Amino acid sequence: MKSFYITTPIYYVNDKPHIGHAYTSLACDMIARFKHLDGYNVKFLTGTDEHGQKIEKAAAANGVSPQEFVDEVSSSFRELAKALDLTNDDFIRTTEPRHKQAAQHLWNQLVASGNIYLGEYAGWYAIRDEAFYQEDELVNGKAPTGAEVEWVKESSYFFKLSAWEEPLLEYYAKHPEAIQPESRRNEVLRFIEGGLKDLSISRTTLKWGIPVPGDPDHVMYVWLDALTNYLSALGYPKNDYQQYWDQAVHVVGKDIIRFHSVYWPAFLMAAGLTPPKTVFAHGWWTVEGEKMSKSLGNVIDPIEMINTYGADAFRYFLLRDLSFGQDGDFSKTSFINLLNTDLANAYGNLCQRVLSFIYKNADAIIPTPAEFTEEDKALLAMPKEMLPVLRGHIDHFHLHRYAESVWQIIAEGNRYVDAQKPWSLKKEDPTRMATVLYTLADVIRQIAMLTQPILPVASSKILTILSVEKSDFTQLEVALKPGLSVSEPQPLFAKYI
Ligand code: ME8
């Protein structure tokens, strides 16, 4: 079985999760679910980034210890994963011993390979970004991201990032798939070509971090600590992490591409490890045309959305509306429109009209088909023929096109119902009616399998109504069994006004 490893960023626990976090996690979940459907041995990791000055500060502002604070906020990210119906098989926290061990081991490898030296850092630091900035990078006295900066002067260990400029460029020349999409790749290449300076990788002015091995006055720079999570969850350095590591895909927002495509691969190469296979950076959500912010009070709470509309509807909108990789806007009107047209009208309608017809007019049993006509065969073949197209969408990170393609089958199914008119066949030709209903039920079964990566709840309901065994939920080839019962269908998707 082929292995596949996909990761979300580990989220900062300075505040509760919002739609942006939900988005990255959902994109990863969609890919993980499809890969599982497609026969891969999948590992899907998410988790929380719990050290650093930002968290230490947030804990102090809340009047609790950092540990109490991170325990509390981390659990809200775990709850979000559940509410979103994520299939992550691990949830890593950087405060766990398994992670500390891995991060310290990586540090030791960097020391052993001569990539770390002790020096003094004097420069700007932005707590919000947990990032160092050069004087010439500042814009009107702030970080280029708009974050406030403070002057830092302290003893610090440095990583010889400058030595990895050429190896990184060589690596990226040989592995064009390593940074996607193309625009991000160009951005990273320009940054590396502009020259890399050695990176400060330890702090002495805060305590909330992983101690530097052999020098407890220092804690590791939070990004070196955080990035290692992708290896610690695989059991690095002990377990057989290589099988997954070779297939690693990191999905991140465009805000953190530099950490993932410059620092992380340099740390890895310096420690004798291979860079991740692919880092994909997606775009940014705004809300009703505005940047999301607490002060504007327009932050979308994913839990509230799920409680109101259900996980499927929320998943569908995020994964279908926005071209994956581009920036997008969350607007209530387009959200509702999409739910009505694609879910209630197209998909819901196809299932409802066919399944209730079988339930009411065919003794609630999957009919036994007679001979299939060319039209029947064409419709039945559509999902299988679509599979390579869907695989291509996933492998190229065209996640938004996935639903577009599956909905072509749904549209064809609805056209077929209109053309075949099973309601007229009931009296005129019951044998033909049985074949038409079987064809429809089997195509709905296949569609439901293909919609699992986006709409896990509804897909599972449909498959259960059709008496498909759970173990066959991934088996496109295992045709529907005539004679099994069809349970009473309930409307799958609400319609909103
Ligand atoms: O950066 N639109 O954590 P973080 C789309 N701990 N995606 C968004 C978004 C928006 N408006 N807002 C946030 C960190 N995101 C580090 C990561 S990884 C080793 C360490 C998503 O809590 C997007 O994926 O600030 C972005 O990269 C991530 O949340 C930042 O999460």
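In listed order, ligands and their atoms are each counted from 1. When a residue number appears, it is its place in the shown sequence, counting from 1. Fair warning: this is a prediction, and the values are worked out from it, not measured in the lab. All heavy atoms count here, side chains included; hydrogens, waters and symmetry mates do not.
- Interface of Trp285 with ligand 1, defined as ligand atoms under 4.0 Å from a residue heavy atom, comprises 2 (N), 5 (C), 10 (C), 11 (N).
- Each of the following atoms of ligand 1 lies closer than 4.0 Å to a heavy atom of Met292: 11 (N).
- Those atoms of ligand 1 with a heavy atom of Thr24 less than 4.0 angstrom away are 21 (C), 23 (C), 24 (O).
- Using a cut-off of 4.0 Å between Lys/Arg side-chain N and Asp/Glu carboxylate O, Glu148 and Arg128 are scored as not salt-bridged.
- With His21, His51, Lys254 as candidates, the residue nearest to atom 29 (O) of ligand 1 on a non-hydrogen basis is His21.
- For atom 12 (N) of ligand 1, the closest non-hydrogen atom on the protein side is His18 CE1, 3.2 Å.
- The distance from ligand 1 to the heavy atoms of Asp255 drops below 4.0 Å at these ligand atoms: 26 (C), 27 (O), 30 (C).
- Looking at Phe259 against ligand 1, nothing comes within 4.0 Å, counting heavy atoms.
- Checked options His282, Arg184, His260; the residue passing with Val252 is His260 (criterion: side-chain contact (heavy atoms from CB on, under 4.5 Å)).
- In this structure, Glu130 falls outside the shell of residues with a heavy atom less than 4.0 angstrom from ligand 1.
- Taking a cutoff of 4.0 Å between a charged side-chain nitrogen and a carboxylate oxygen, Arg190 and Glu193 qualify as a salt bridge.
- Using a 4.0 Å cut-off between charged nitrogen and carboxylate oxygen, Asp90 and Arg98 count as a salt-bridge pair.
- The residue among Leu224, Leu227, Ile10 with a heavy atom at the shortest distance from atom 17 (C) of ligand 1 is Ile10.
- Ion pairing between a basic and an acidic side chain is recognised when a charged N comes within 4.0 Å of a carboxylate O; Glu288 and Lys332 show no such pairing.
- For ligand 1 and His260, the ligand atoms under 4.0 Å from any heavy atom of the residue are 18 (S), 19 (C).
- Heavy-atom separations between His282 and ligand 1 include at least one value shorter than 4.0 Å.
- Of all atoms in ligand 1, numbered sequentially from 1 with element shown, those under 4.0 Å from a heavy atom of Gly283 are 5 (C).
- Nearest non-hydrogen protein atom to atom 4 (P) of ligand 1 is Tyr12 CD1, 3.7 Å.
- Only one option out of Tyr133, Trp151, Phe132 pairs with Trp124 in a ring pair (Phe, Tyr, Trp, His ring centres under 6.0 Å); it is Trp151.
- Using a 4.0 Å cut-off between a side-chain N of Lys or Arg and a carboxylate O of Asp or Glu, Arg315 and Asp85 do not qualify as a salt bridge.
- Of the polar atoms of Gly253, at least one N or O is found under 3.5 Å from an N or O of ligand 1, judged by distance alone.
- Residue Asp49 has at least one heavy-atom neighbour below 4.0 Å for each of these atoms of ligand 1: 6 (N), 16 (C), 20 (C).
- A heavy-atom separation below 4.0 Å is found between Tyr230 and ligand 1.
- Here the side chain of Ser25 pairs no donor or acceptor atom with the backbone of Ala22 at under 3.5 angstrom.
- Using a 4.0 Å cut-off between a side-chain N of Lys or Arg and a carboxylate O of Asp or Glu, Arg93 and Glu50 qualify as a salt bridge.
- For Glu150 and Lys57, the salt-bridge test fails: no basic side-chain N is under 4.0 Å from an acidic carboxylate O.
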